[in-house]
Amino acid sequence: MAHHFQARITWPRAAGATTATAEYSRDYRLTLDGKPELFGSGPTAFKGDAAGLNPEELLVASLAACHMLTYLSLCAHKGVTVVGYTDHGEGKLERVGPGKMKFVEVTLKPKVRVAAGSDAKLAEELHHKAHEGCFVANSVNFPVSVAASVAVG
């Protein structure tokens with residue numbers, strides 16, 4: 001069974017046309033059906049507006065969110081009560097050839113708190129299963145690693 005997802009990007013051309021590299025706007029509007037419009041821009045390293053969501057951050061965030069949602073589902077099915085979850089994902093973008101850059105790795109660092117009485121060892125093991133089942137991580141062509149920690153209480 002296939003699932004389909006859509007996103008609309010609109011370039012407002014706020015700062016002029018693409019007549020000069022330094023002058024055109026890197027800003028965009030991201031619209032997803034039934035959700036608030038989001039402001040995006042390129043990273044500041046590429047002349048974007050720091051206030052905007054950039055595609056590179058969104059990719060790392062997508063990987064982190066997919067891992068978390070997969071992990072929480074596994075915990076719920078296995079009887080592990082998660083009472084807290086935070087993650088600090090980091091992606092590395094590098095030049096890999098003339099005029100070509102790509103992500104070469106992303107590391108997720110989830111910190112999980114489980115309720116007293118939950119199986120902490122199982123909670124740790126489920127991160128591996130979550131990584132294997134994450135749709136987004138399975139779709140990228142660079143390594144995604146997970147350095148998780150689990151605490152009880």
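F46 and V60 end up in the same hydrophobic cluster when Ile, Leu, Val, Met, Phe, Trp and Tyr side chains are linked at under 4.5 Å. In terms of hydrophobic clustering, with Ile, Leu, Val, Met, Phe, Trp and Tyr side chains grouped at heavy-atom distances under 4.5 Å, I9 and L38 are assigned to a common cluster. Residues L63 and M68 do not share a hydrophobic cluster, clusters being chains of Ile/Leu/Val/Met/Phe/Trp/Tyr side chains in contact below 4.5 Å. Linking ILVMFWY side-chain heavy atoms closer than 4.5 Å, directly or via other members, places L32 and Y28 in a single hydrophobic cluster. There is no path of hydrophobic side-chain contacts, each under 4.5 Å, that joins V83 to L126.
In this structure, V80 and A123 approach most closely via the heavy-atom pair CG1-CB, 3.9 Å. P55 approaches S41 most closely through the heavy-atom pair CD-O, 3.7 Å. Across every non-hydrogen atom of V152 and A120, the tightest pair is CG2-CB, 3.7 Å. A pairwise comparison of heavy atoms in D27 and P12 identifies O-CD, 3.4 Å as the closest pair. The minimum heavy-atom distance between D87 and K109, with the atom names listed, is OD1-N, 2.7 Å. Considering every non-hydrogen atom in both A7 and L30, the closest pair reads CB-CD1, 4.0 Å.
Considering CG of L122 and SG of C75, their distance stands at 7.0 Å, rounded to 0.5 Å. Note that OG1 of T107 is 5.0 Å distant from CD of E105, once rounded to the nearest 0.5 Å. Here the NZ-CD distance, from K102 to E94, works out to 10.0 Å after rounding to the nearest 0.5 Å. Separating the OG1 atom in T70 from the NZ atom in K129 is a distance of 12.0 Å, to the nearest 0.5 Å.
Two residues are said to be in side-chain contact when any heavy atoms from C-beta on lie closer than 4.5 Å; F142 and V104 fail this criterion. Annotation: side chain of P110 is in contact with side chain of V146 (closest heavy-atom distance under 4.5 Å). T86 has its side chain out of reach of H88: every pair of non-hydrogen atoms, C-beta onward, lies at least 4.5 Å apart. In this structure, the side chains of L69 and Y71 stay at 4.5 Å or more apart for every pair of heavy atoms. Under the 4.5 Å side-chain criterion, counting only non-hydrogen atoms from C-beta, V114 is not in contact with T81. Residues H67 and V144 are not in side-chain contact: their nearest non-hydrogen atoms beyond the backbone lie 4.5 Å or more apart. Taking 4.5 Å as the limit, some side-chain heavy atom of L93 sits within range of a side-chain heavy atom of E56. By the 4.5 Å heavy-atom criterion applied to side chains, R113 and V82 are not counted as neighbours.
Atom NZ of K111 has 12 or fewer neighbouring heavy atoms from other residues, nucleotides or ligands inside a 6.0 Å radius. When the shell of 6.0 Å around CD of Q6 is examined, it contains 12 or fewer heavy atoms from other residues, nucleotides or ligands. By the 6.0 Å contact criterion, CZ on F39 is enclosed, its count of non-hydrogen atoms from other residues, nucleotides or ligands being greater than 12.
Between D119 and K78 no salt bridge is recorded (no basic side-chain N to carboxylate O distance below 4.0 Å). Ion pairing between a basic and an acidic side chain is recognised when a charged N comes within 4.0 Å of a carboxylate O; E90 and K92 show no such pairing.
A donor-acceptor pair under 3.5 Å is absent between the side-chain atoms of S62 and the main chain of L58, judged by distance alone.
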Quick one: do V112 and E124 satisfy side-chain contact (heavy atoms from CB on, under 4.5 Å)? Show the steps, please.
CA-CA 9 Å; V112 178; E124 287 179 23; over 6 Å; no
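Applying side chain to side chain donor-acceptor pair (under 3.5 Å) to H128 and the options E132, H131, E125 leaves one that passes, E132.
Between W11 and Y24, the two ring planes are perpendicular [angle over 60°; tilted spans 30° to 60°].
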